[in-house]
There are 2 protein chains.
Amino acid sequence: MPDREAAQDQALGAAEELFYSRGIQAVGMDAVRNASGLSLKRLYQLFPSKEALVLQFLNRRDRQWRQALAHYVDSHTTPDEQVIAVFEWLHTWFSEPDYRGCAFINSFGELGGISPEVAAQARRHKQAFRDYLVALVTATGRPATLGDQLVLLAEGAITTAAITGSPQPATQARDAARLLMLAYSRHNRAHSDVSQ
Amino acid sequence: MPDREAAQDQALGAAEELFYSRGIQAVGMDAVRNASGLSLKRLYQLFPSKEALVLQFLNRRDRQWRQALAHYVDSHTTPDEQVIAVFEWLHTWFSEPDYRGCAFINSFGELGGISPEVAAQARRHKQAFRDYLVALVTATGRPATLGDQLVLLAEGAITTAAITGSPQPATQARDAARLLMLAYSRHNRAHSDVSQ
DNA sequence: CGCAGGAGAGAACGCTCGTTCTCACCTTGC
DNA sequence: GCAAGGTGAGAACGAGCGTTCTCTCCTGCG
């Protein structure tokens with residue numbers, strides 16, 4: 001049984017590339033077999049079913065995505081810069097040549113209606129991102145409300161960049177984020193009243 | 001040949017409900033047959049293939065969605081109110097019991113990687129929404145830049161509401177939109193400088 | 001009244017998918 | 001050296017898909 005962990009990683013790597021670029025249902029286990037170099041038998045002793053492979057793919061993707069984001073944000077020092085860094089990182093992500101949106105939004109759209117596990121995984125991922133961004137925002141002394149608004153800008157940029165094929169939404173979202181941060185800055189806070 | 005148009009509408013109505021709630025690939029032509037009450041033979045003489053049915057479904061959905069939005073917006077008078085009305089309408093949409101996000105984002109995630117036609121249809125729909133919102137924004141005397149930012153808020157609200165299952169993102173997006181409109185109002189315009 | 005033609009219901013076909021099985025082969029411990 | 005068990009390659013299987021075909025029935029017109 002040579003290196004179960006390495007084989008799993010190889011399978012998940014191949015599955016990620018295929019699932020992300022073509023969608024999940026359009027990719028058969030034969031394609032994963034060919035791309036990973038593993039035999040079907042080995043694949044099925046590493047993952048009991050395709051659904052298990054899909055869930056582990058989402059799990060791995062969640063870990064890697066959040067880690068890459070946090071790594072970039074950590075390279076910035078002030079809290080305000082760290083919030084803006086999120087949108088800068090989005091821009092580099094959108095610029096990847098085979099960028100095709102958020103794997104969790106895509107999976108939710110494709111399977112969320114028929115697979116509660118996939119829907120739950122998407123929910124967890126988005127919740128984790130929201131918690132992370134809200135923490136960055138509250139570290140600047142601003143309210144969580146702003147964090148939720150910035151989440152919407154980021155999510156909107158993710159799907160708009162995917163469909164238009166341009167990284168520009170990241171810049172637009174960053175500019176809007178700057179304006180909202182200004183609106184919520186200590187100096188302006190007393191004057192802000194957006195209630196009807 | 002009794003009423004080809006009515007039969008098409010019946011088929012498209014059934015297809016819409018199934019495709020939207022369960023995804024496209026998960027719905028077979030048999031399911032469309034059962035839901036529409038049409039025979040398979042009739043279905044195939046109305047639409048030459050499943051792909052044609054899918055594209056017409058997206059076409060119809062685009063028309064109906066934009067018409068419903070425009071109808072709600074038109075019931076408001078001032079340009080500023082009309083912009084905000086977009087987010088109010090989103091809230092009522094998100095509150096529908098079987099809301100499951102934007103059919104075009106979902107279709108793009110599921111089939112955009114393997115069907116250029118589906119990807120193009122999603123692009124067209126989002127472009128039309130963007131043009132509409134930008135027109136509403138410029139009618140208030142504010143720049144198109146703001147329109148693009150509000151598009152991101154709306155798109156983010158659409159997916160966040162779908163995944164979390166709550167209509168609350170519409171309210172958060174509306175509040176953020178109000179703040180951005182304030183930031184871009186004539187009074188503040190000279191002082192806004194968000195460049196790095 | 002008879003018959004041609006189209007419609008409905010669903011069986012059938014070819015294909016692909018997820019999953020399992022076969023079988024020859026290779027390793028490995030005694 | 002050899003039995004035993006695990007492996008790889010791919011065939012096989014059952015189910016489900018999109019699509020087409022069959023067959024029966026109904027309809028409407030001469």
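Chain A is the first sequence line, chain B the second, and so forth, proteins listed ahead of strands; every chain is numbered from 1.
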May I have the distance from A/L38 (atom CG) to D/dG6 (atom P), rounded to whole angstrom? 18 Å

Does any part of the side chain of B/R174, heavy atoms only, come nearer than 4.5 Å to the side chain of B/H91, both counted from C-beta? no

Do B/R142 and B/D80 sit within salt-bridge range, that is, some charged N less than 4.0 Å from a carboxylate O? yes

In whole Å, what is the span from the CE atom of B/M29 to the P atom of C/dA9? 16 Å

Let's see if you can work this out: which of D/dT7, D/dG8, C/dG18 has an atom nearest to the side-chain heavy atoms of A/Q45? D/dT7

Evaluate the side-chain proximity of A/E155 to A/C102: yes if any heavy-atom separation is below 4.5 Å, no if none is. no

Nearest whole angstrom, please: distance from the P of D/dG6 to the CG of A/L46. 15 Å

How close or far is atom P of D/dC17 from atom CZ of B/F19, stated in whole angstroms? 12 Å

Is the shortest side-chain N/O distance from B/Q25 to OP1 or OP2 of D/dG18 below 4.0 Å? no

Would you indicate which nucleotide in D/dG18, D/dA11, C/dA11 comes nearest to any side-chain atom of A/L40? D/dA11

When the distance from CG of B/D30 to C1' of C/dA11 is rounded to whole Å, what number comes out? 11 Å

When you check the phosphate oxygens OP1 and OP2 of D/dG18, does a side-chain N or O of B/K50 lie under 4.0 Å from one of them? yes

What integer distance in Å separates B/Y44:OH from D/dT19:C1'? 5 Å

Mutual orientation of the aromatic rings belonging to A/W93 and A/W89 [parallel < 30°, tilted 30-60°, perpendicular > 60°]: parallel

Euclidean distance, atom CG of residue B/L18 to atom C1' of D/dC17 [Å, nearest integer]: 15 Å

Would you kindly compare B/K41 and B/P48 by the position of their nearest DNA chain D nucleotide and give the one closer to the 5′ end? B/P48

From C/dG10, D/dT19, C/dT19, nucleotide with atom closest to B/R33 side chain: C/dG10

Counting any heavy atom closer than 4.0 Å, what does B/V32 reach on the DNA or RNA strands: base, sugar-phosphate only, or nothing? nothing

Candidates C/dA9, C/dT20, D/dG18 - which lies nearest the side chain of B/S39: C/dA9

State, yes or no, whether a side-chain contact exists between B/Q121 and B/R124 at a heavy-atom distance under 4.5 Å. yes

Gap between atoms CZ and C1', on B/F47 and D/dT20 respectively (whole Å): 18 Å

